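A quick write-up on the structure given underneath.
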Amino acid sequence: MTGVKVLVIGGGAREHALCRSLSLDPDVTALHCAPGNAGIAEVAEVHPVNALDGTAVAELAVSLAADLVVVGPEAPLVAGVADAVRERGIPVFGPSAEAAALEGSKAFAKDVMAAANVPTARAYVCTTPAEIDEALDAFGAPYVVKDDGLAAGKGVVVTDDLAAAREHALACGRVVIEEFLDGPEVSLFAVTDGETVVPLQPAQDFKRALDGDEGPNTGGMGAYSPLPWSEPKLVDEVLRTVLQPTVDELRRRGTPFSGLLYAGLAITSRGVRVIEFNARFGDPETQVVLARLKTPLAGLLLAAATGTLASLPPLRWSDGAAVTVVIASHNYPGTPRTGDVIEGLPEAAALEHAYVLHAGTTHDAAGQVVSAGGRVLSVTATGPDLATARERAYEGVSRVRLDGSHHRGDIAEWAAAAERAPEL
């Protein structure tokens, strides 16, 4: 495989991580991104195309003579952008709209898991106040209330407060209320072409806004990989009991899933349980997983898009560790303040084992990089072990200056300090 032209759809830190890895792949001869962001523009040619407009994305892919289109975010996948590109005969890494319902509807995901005998939390799908009250009473606290649809990582409330749980449920319309799962959480990605499933390395992210897992849920405030406290057999077990059965069930239904299947897992006292599925690379876990992947990325994604994963050799991984820390804007995960100038990026970029990935950034009229979203940047670092990678990541964070910003100071702290599961 040589001379691959790749178009990445999206404009967050996940897409920056994908573009960075693809830019280092010797087989990639042209790299484009739509709509991109200020950081992605440094490694790819960006195009001002609406990522939710399947027709516009397909036209762009055709005009660029793209050999592969990678759809990053969940909203374009659920909207059918991958379908529009496939109809033009271009290989796409990303599931169809029907298969992406695995993330777009938590009720649909529960139905698939039940049919595939995939272990997950017991749940009720509720549409009326009476059903909500019955479900909350049945499970008791802590209450786990999930908006059935997409909510940018902020549709889940976990609380001991019955009134807060009920308020969130009533605001959602259709809602999934489920039992609370104890134990640490793990994210495991798998690349699939609809038949073969290739798991990546596990990671752990931090969803709460504040240190000590306090504060509201967010889209993710940091992550690390590998997990020194996890069982060596974890990946094989999840492949056998979760990933492969889910892919097989979707294919049986006539909606084969091709792309990235993300399993959010709880390692409970009763074994592994699925918390949720995503239909794309997760942010911020993508940053640390790709930082450790030594196999060139384009060939892996293209094999999934063309149904040839079974012919690929085993993936190669670095023996070291990676940590990423998210820098968020003032008031995130509430309505974020935007337009603040970001300083210190050249100093952070000069570090040897750390780099900055842009999420919510743009350029102002003066050409300065400014904040344009809730999660603004993430600093990713690698090292021979988690302690070193963590130290390097926070060194990078210290170089960045963004007025009113905040970040967690405890990313990977437990894992770096002890070879045991953190108490989350």
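Computed from a predicted structure; not experimentally measured.
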Please tell me if the side chains of Glu185 and Ile275 come closer than 4.5 Å, counting only heavy atoms from C-beta onward.
yes

Kindly determine whether Phe139 and Phe180 satisfy ring-ring contact (aromatic ring centres under 6.0 Å, His included), including the steps that lead there.
CA-CA 8 Å; Phe139 287 130; Phe180 177 77; over 10 Å; no

Contact between Val341 and Glu343 at the side-chain level, heavy atoms closer than 4.5 Å - yes or no?
yes

CG/Asp410 to OH/Tyr394 distance, rounded to the nearest 0.5 angstrom?
6.0 Å

Check step by step if salt bridge (Lys or Arg N to Asp or Glu O under 4.0 Å) holds for Arg251 and Asp248.
CA-CA 5 Å; Arg251 187 176 65 253; Asp248 291 344; 3.2 Å; yes

Where the side chain of Arg408 meets the backbone of Leu210, is there a donor-acceptor pair that is under 3.5 Å apart?
yes

Looking only at heavy atoms, what is the nearest atom pair of Ala305 and Leu68, with distance?
CB-CD1, 3.9 Å

Asp364 (side chain) donor-acceptor with Gln368 (main chain) under 3.5 angstrom
yes

Is it true that a side-chain atom of Asp148 and a backbone atom of Ala107 form a donor plus acceptor pair closer than 3.5 Å?
yes

Asp283/Arg375 ion pair, N-O < 4.0 Å:
yes

Side chains of Arg337 and Ser371: does their closest heavy-atom pair fall under 4.5 Å?
no

Is there a side-chain contact between Leu345 and Ile342, using heavy atoms and a 4.5 Å cut-off?
yes

Answer yes or no for Arg20 and Tyr355: cation-pi contact, defined as NZ/CZ to six-membered ring centre under 6.0 Å and angle to ring axis within 45°.
yes

Under a 3.5 Å distance rule, please check whether Glu15 uses its side chain to pair with a backbone N or O of Gly12 as donor and acceptor.
yes

Got a sec: does the CD of Glu167 have more than 12 other heavy atoms crowding it under 6.0 Å?
no

If you look at every heavy atom in Val379 and Ala393, which pair is closest and at what distance?
CG1-O, 3.5 Å

To the closest 0.5 Å, what do you measure between CG (Asn278) and CG (Leu260)?
9.0 Å

Return a table of donor-acceptor pairs under 3.5 angstrom between the side chains of residues 115-127 and protein atoms on other chains or two or more places apart.
from   : atom 1 : to     : atom 2 : distance (Å)
Thr120 : OG1    : Lys110 : NZ     : 2.9
Thr120 : OG1    : Val274 : O      : 2.6
Thr127 : OG1    : Glu131 : OE1    : 3.2

Heavy atoms, side chains only, cut-off 4.5 Å: are Val370 and His363 in contact?
no

Using the side chain to side chain donor-acceptor pair (under 3.5 Å) rule, take Ser187 and Glu285 through it: C-alpha gap first, then chi angles, then the decisive distance, then the call.
CA-CA 7 Å; Ser187 300; Glu285 299 96 322; 2.6 Å; yes

Quick one: does any side-chain atom of Ser329 pair with a main-chain N or O of Gly373 as donor and acceptor, under 3.5 Å?
yes

Quick check: do Thr324 and Tyr224 have side-chain heavy atoms less than 4.5 Å from each other?
no

With distance as the sole test, does Ser21 use its side chain to make a donor-acceptor pair with the main-chain N or O of Leu18 at under 3.5 Å?
no

I'd like to know whether Thr241 forms a side chain to side chain contact (heavy atoms under 4.5 Å, CB included) with Val272, so could you lay out the CA-CA distance, the side-chain angles of the two residues, the decisive distance to 0.1 Å, and finally the verdict.
CA-CA 9 Å; Thr241 64; Val272 174; 5.5 Å; no

Between Phe277 and Tyr262 (judged by ring centroids, cut-off 6.0 Å), do the two rings come close enough to count as a pair?
no

Under the 3.5 angstrom rule, does the side chain of Lys106 hit a backbone N or O of Asp147 as a donor-acceptor pair?
yes

Quick one: does Val69's side chain get under 4.5 Å of Phe93's, heavy atoms only?
no

Without swapping roles, check the side chain of Arg14 against the backbone of Thr286 for a donor-acceptor pair under 3.5 Å.
no

Identify the heavy atoms of Ala109 and Leu102 that sit nearest to each other, and give their distance.
CB-O, 3.4 Å

Heavy-atom donor-acceptor pair, Ser105 side chain to Ala101 backbone, under 3.5 Å
no

Taking C-beta and beyond as the side chain, do Pro184 and Gln204 meet within less than 4.5 Å on heavy atoms?
yes

Enter the distance from Asp213:CG to Met221:CE here, rounded to the nearest 0.5 Å.
11.5 Å

Evaluate the side chain to side chain contact (heavy atoms under 4.5 Å, CB included) criterion for residues Val175 and Ile132: first the C-alpha distance (whole Å), next the side-chain angles of each, then the deciding distance (0.1 Å), finally the verdict.
CA-CA 8 Å; Val175 66; Ile132 289 169; 4.0 Å; yes

Between atom CG of Leu377 and atom CG of Leu402, what is the distance when rounded to the nearest 0.5 Å?
7.0 Å

Which residues satisfy the side chain to side chain contact (heavy atoms under 4.5 Å, CB included) test with Asn50, sequence neighbours excluded?
Leu52, Asp53

What are the two closest non-hydrogen atoms of Arg316 and Pro296, and how far apart are they?
NH2-CD, 3.9 Å

In terms of heavy-atom contacts, Ala223 and Val288 come closest through O-CG1, 3.5 Å

So, are Glu249 and Arg252 salt-bridged, with charged N and O less than 4.0 Å apart?
yes

When you look at CD of Glu179, are more than 12 heavy atoms from neighbouring residues, nucleotides or ligands closer to it than 6.0 Å?
yes

Shortest non-hydrogen separation from Ala209 to Pro333 and the atoms involved
CB-CD, 4.2 Å

Candidate pair His32 and Lys5, rule side chain to side chain contact (heavy atoms under 4.5 Å, CB included), full reasoning
CA-CA 8 Å; His32 303 267; Lys5 299 177 183 178; 5.5 Å; no

To the nearest 0.5 Å, atom CG of Leu293 lies from atom CG of Leu24 at 11.5 Å

Derivation of the side chain to side chain contact (heavy atoms under 4.5 Å, CB included) call for Val247 and Leu250
CA-CA 5 Å; Val247 169; Leu250 287 168; 5.9 Å; no

Might you work through the salt bridge (Lys or Arg N to Asp or Glu O under 4.0 Å) test for Arg392 and Glu395, ending with a clear yes or no?
CA-CA 5 Å; Arg392 290 170 174 172; Glu395 173 65 18; over 6 Å; no

From His407 NE2 over to Tyr332 OH, what is the distance, rounded to the nearest 0.5 angstrom?
15.5 Å

Quick one: does any side-chain atom of His16 pair with a main-chain N or O of His358 as donor and acceptor, under 3.5 Å?
yes

With a 3.5 Å cut-off and sequence neighbours excluded, list the donor-acceptor pairs that the side chains of residues 192-202 form with protein atoms.
from   : atom 1 : to     : atom 2 : distance (Å)
Thr192 : OG1    : Gly194 : N      : 3.0
Thr192 : OG1    : Thr196 : O      : 2.8
Asp193 : OD1    : Glu195 : N      : 3.0
Asp193 : OD1    : Thr196 : N      : 2.9
Asp193 : OD2    : Leu309 : N      : 3.2

